[in-house]
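Below is one structure, written out as structure tokens, with a few remarks after it.
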Number of protein chains: 2
Amino acid sequence: MTNSTPRQRARLETEAQITRIGNRMLDDDGLDGVSLRAIARELGIVSSAIYRYVKNRDELLTILIRDAFTSIADDVDEALEHDTSVLTVGVTMLSWSRRHPNRWALIYGTPIPDYQAPRDETVVPGTRIMVTLTTLLSQSSPHQTSNSQVPPAHALDPLREGLRELGLEPDDQVIMRTVTVWAAIIGLINALRFGQFGPGIELVEDELMQGLVSTLGY
Amino acid sequence: MTNSTPRQRARLETEAQITRIGNRMLDDDGLDGVSLRAIARELGIVSSAIYRYVKNRDELLTILIRDAFTSIADDVDEALEHDTSVLTVGVTMLSWSRRHPNRWALIYGTPIPDYQAPRDETVVPGTRIMVTLTTLLSQSSPHQTSNSQVPPAHALDPLREGLRELGLEPDDQVIMRTVTVWAAIIGLINALRFGQFGPGIELVEDELMQGLVSTLGY
DNA sequence: GATGTTAGAGAGCAGTGCTCTCATTCATTG
DNA sequence: CAATGAATGAGAGCACTGCTCTCTAACATC
């Protein structure tokens, strides 16, 4: 006896198709191109029927966001197996962003208006790389002694609490370094992906990442 | 004899009102809240009449973008008069972003889909801070000797050309340092404004900027 | 085989940007 | 000063979005 009826199988298939089409529309036309009506159209279904599979547009976005976070974190994890370094994190993320610019914008760009990320679904995959980076920076210290002063202990409380929930207990120096490195890496990629340096810069992306990481002392 | 008819004066007033309302809607509800129909409604005008004053939505956005770039660059210029340092650039931009988060997202966040910035109108105000930063970094060298290797000369050609058009001729070392510092500062502010570190981090924004700039060697 | 759930159709609401036509008001010019 | 032409606004309409509600038909289960 099969424990799945034809209807159940059809539903799973349709759900998978929806996320597939959604991801494709995101890649092709950006977030604005992701339209529930267009997906329904492509499924050969009337527009209202799509709501049998997806509560609303935000729920679809949550799926796409989770997918993207997972994809980039998987890439980073795999790359770190071959070479465990901050630079590897940077260039791997950079490479991923080059292949999926719209997905990058979805997870690291301007927050989507009115969208509220459901903690349970996106927080965990969304923090994977940061956790990895924190442990990485806990082990290796920077080549240059960074003279960055640590702010008053209580100021870092909320951040420390957030990291504790993820199973980490780094000291304040490491927290500060992590935040700095994190912001710098994402900032560089954002600046590149969003074209803030004008055209032509694509040719030196990797060199810029290398320069940045080495400037940060890693 | 007045060189302006009542009609001309009314037009100027209406145009000013449109940008005023547009800016307010941007501040209040983000870019998605900026709707031509809503502006027309507030002007007591039928929706189609708004197109007598504004070619289309993109033209309004161009105005808002130019305004924002000018505003933040003015702030930076004024702050630098009192204290000429990289840190001042960073904290001033950070402070501006705190006061105008939606305007910040407009100019430094994810590019607006399908929007094409008209070179003549936005490029000049949009590059003011970067030009300032480049000259700043041309004069003062970093405290730590950054061991960032410079990429092959031709790779920086497009960037060098862009800077030349703005009246600058920095050497490659300075270009690399500028790009790095620029990306790091914007990246940190983006990460803060876009809530990538979770809630509670607002309390240490300035300290983070201080730490970042000092880590960069300034 | 009756019952209840699920998938889908279809109409409709409110909102957006934008275009086109028509009327009215104003400014300029013969 | 009267006529011409430009500027302003009204109104209807198109195409698109997310989303809701009601109804019907297919399917699964008891």
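Residue numbering restarts at 1 for every chain, and letters A, B, ... go by the order of the sequence lines.
Applying a 4.0 Å cut-off to non-hydrogen atoms, none of the residues of residues 12-27 of chain B approaches DNA chain D. Listed by residue number, the members of residues 44-63 of chain A with any heavy atom below 4.0 angstrom from DNA chain C are Ile45(A), Val46(A), Ser48(A), Ala49(A), Arg52(A), Tyr53(A).
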For a quick test of your reading: what N or O donor-acceptor pairs under 3.5 Å do the side chains of residues 188-197 of chain A make, sequence neighbours left out?
unit_1	atom_1	unit_2	atom_2	d
Asn190(A)	OD1	Trp104(A)	NE1	2.8
Asn190(A)	ND2	Tyr108(A)	O	3.4
Arg193(A)	NH1	Ser97(A)	OG	2.8
Arg193(A)	NH2	Glu205(A)	OE2	2.5
Gln196(A)	NE2	Tyr108(B)	O	3.2

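In this structure, Asp27(A) does not pair ionically with Arg24(A), as no charged nitrogen and carboxylate oxygen lie closer than 4.0 Å. Note on Glu15(A) versus Arg11(A): salt bridge recorded, some NZ/NE/NH1/NH2 to OD/OE distance being below 4.0 Å. The pair Arg57(A)-Asp114(A) does not meet the salt-bridge criterion, since no charged nitrogen lies less than 4.0 angstrom from a carboxylate oxygen.
Each of Val174(B), Leu156(B), Leu168(B) was checked for a side chain to side chain contact (heavy atoms under 4.5 Å, CB included) with Leu163(B), and the lone residue meeting it is Leu168(B).
Formation of a donor-acceptor pair under 3.5 Å by the Ser95(B) side chain with backbone atoms of Val91(B) is not found in this model. Of the possible polar contacts, one joining the Thr5(A) side chain to the Gln8(A) backbone as a donor-acceptor pair under 3.5 Å is found. A donor-acceptor pair is defined here as one N or O able to donate and one able to accept, closer than 3.5 Å; no such pair exists between the side chain of Ser71(A) and the backbone of Asp67(A). Side chain of Asn102(A) to main chain of Ala105(A): no donor-acceptor pair is present (N/O by atom type, distance under 3.5 Å, no hydrogens or angles). Between the Thr92(B) side chain and the Val76(B) main chain, no donor and acceptor come within less than 3.5 Å of each other.
Applying the 4.0 Å criterion to OP1 and OP2 of dC16(D), one finds that Ser35(A) has every side-chain N and O outside that range.
With rounding to whole Å, Asp114(B) atom CG is found 15 Å from dC16(D) atom P.
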What nitrogen or oxygen pairs link the protein and nucleotides 27-30 of chain D at under 3.5 Å?
unit_1	atom_1	unit_2	atom_2	d
dA28(D)	OP1	Arg7(A)	N	3.4

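Gln17(A) CD to Leu12(A) CG: the interatomic distance, rounded to the nearest 0.5 Å, is 12.0 Å.
Legend: residues meeting side chain to side chain contact (heavy atoms under 4.5 Å, CB included) with Thr14(A), ordered by chain and number and at least two apart, are Ile18(A), Leu43(A), Tyr53(A).
Closest heavy-atom contact between Ile175(B) and Pro170(B): CG1-CG, 3.8 Å.
In the 5' to 3' direction, nucleotides of DNA chain C lying under 4.0 Å from heavy atoms of chain B begin and end at dT16(C) to dT28(C).
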